[in-house]
Every structure is written in C-alpha cells, then in structure tokens.
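Data block below; observations after.
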Amino acid sequence: QVQLVESGGGLVQPGDSLRLSCAASGFILGYYTIGWFRQAPGKEREGVSCISTSDGSTDYADSVKGRFSISRDNAKNVFYLQMDSLKPEDTGLYFCAALPDGSTIATMLGDLDFGSWGQGTQVTVSS
C-alpha cells in the first residue's frame, strides 16, 4: 500500500521560496506519476505539477510555470516541489498523490480517483 507524507509548508511572505517534500513508501518506481495538488478555501482543487517515475517527464499548471519546479530523489523515494516567487494566490493545502503513470496536468484531477494521497502541508503566503 502506497503511503505519502508531505512536509515543508509554512508561512512566508510574497516573493519568498519554499520546498515541499513528499516521502513515499510501499511504492514501486515506474508504476506511478507523482502529482502535487493544492486546495484553497473556497476554491476548486487544482493540480499544480506532476512527475513520472518511469521517465522523469514533468508537467506544470500554467499558474506556476516558471516559478515551481518538481523533482525526485529516486534513491530516497522523495519527491520535491520547489516553489519560488510565491504569491498570495499560492496559499493552500498542498498534498501529493501517487497517480497512474502517464498522468498529466490535464488528467490529474480525474486520475486522483485511482490514486493514493497524503494529508497535506499548509502553505500560506501573506505579508
């Protein structure tokens, strides 16, 4: 059974950076795409970024392109979301999910029905 634990959230000011981590266990490389999602109060859940564990391909939501970067440490089964130039609209609960490999930004939300996800880590961007 795949288990995911997120960490790294916090309260930061606009323009600051954060790096989120997603530690995966019970996990077989190559079978999943790891996706990062966020959920803000009063807003729809949004797929932010994803990375394939089979070929390392990545995808990003338009709202974070050029500011966020997803990466992986295969040896540790840890996946990262580097978030730079943070904006107040980036505020939300961020969680990672193990999705069917091949998931993209366009399919992530639907693919979540077939995945496993963690409890999330809160990111608040405020001055």
Practice prompt. Could you check whether the rings of Tyr94 and Phe68 sit parallel, tilted or perpendicular, using 30° and 60° as the cut-offs?
Written response: tilted
Rounded to the nearest 0.5 Å, how far apart are [atom1] of [X] and [atom2] of [Y]?
X      : Y      : atom1 : atom2 : result
Cys50  : Ile105 : SG    : CD1   : 5.0 Å
Asp101 : Ser57  : CG    : OG    : 7.0 Å
Thr33  : Ile51  : OG1   : CD1   : 9.0 Å

Contact between [X] and [Y] at the side-chain level, heavy atoms closer than 4.5 Å - yes or no?
X      : Y      : answer
Val48  : Leu81  : yes
Leu99  : Met108 : yes
Arg38  : Val123 : no
Trp36  : Glu6   : yes
Arg67  : Lys87  : yes
Arg45  : Leu112 : yes
Asp111 : Pro100 : yes
Ser69  : Met83  : no

Looking only at heavy atoms, what is the nearest atom pair of [X] and [Y], with distance?
X      : Y     : result
Ile34  : Cys96 : CG2-CB, 4.5 Å
Trp117 : Ala97 : CB-CB, 3.8 Å
Cys22  : Leu4  : SG-CD2, 3.8 Å
Val78  : Ser21 : CG1-CB, 4.2 Å
Ser127 : Pro14 : N-CD, 3.7 Å
Ser85  : Ser17 : N-OG, 4.3 Å

Please check if [X] and [Y] belong to a single hydrophobic cluster, counting links between Ile, Leu, Val, Met, Phe, Trp and Tyr side chain heavy atoms closer than 4.5 Å.
X     : Y     : answer
Val64 : Phe37 : no
Val2  : Tyr31 : yes
Leu93 : Val5  : no

Item to complete: Test side chain to side chain donor-acceptor pair (under 3.5 Å) on Glu46 and Ser63 and set out the steps.
Response: CA-CA 10 Å; Glu46 177 184 16; Ser63 57; 3.0 Å; yes
Worksheet item: What pairs meet the ring-ring contact (aromatic ring centres under 6.0 Å, His included) rule with one or both residues in residues 71-92, with sequence neighbours excluded?
Response: Phe27-Phe79
Donor-acceptor contact below 3.5 Å, side chain [X] vs main chain [Y]:
X      : Y     : value
Ser116 : Ala98 : no
Ser49  : Asp59 : yes
Thr53  : Gly30 : yes

Worksheet item: Any luck finding a side-chain donor-acceptor pair between Thr91 and Gln122 under 3.5 Å?
Response: no
Item to complete: Could you verify whether a donor N or O on one side chain and an acceptor N or O on the other, from Thr124 and Ser126, lie under 3.5 Å apart?
Response: no
Item to complete: Test side-chain contact (heavy atoms from CB on, under 4.5 Å) on Asp16 and Val125 and set out the steps.
Response: CA-CA 8 Å; Asp16 284 352; Val125 185; over 6 Å; no
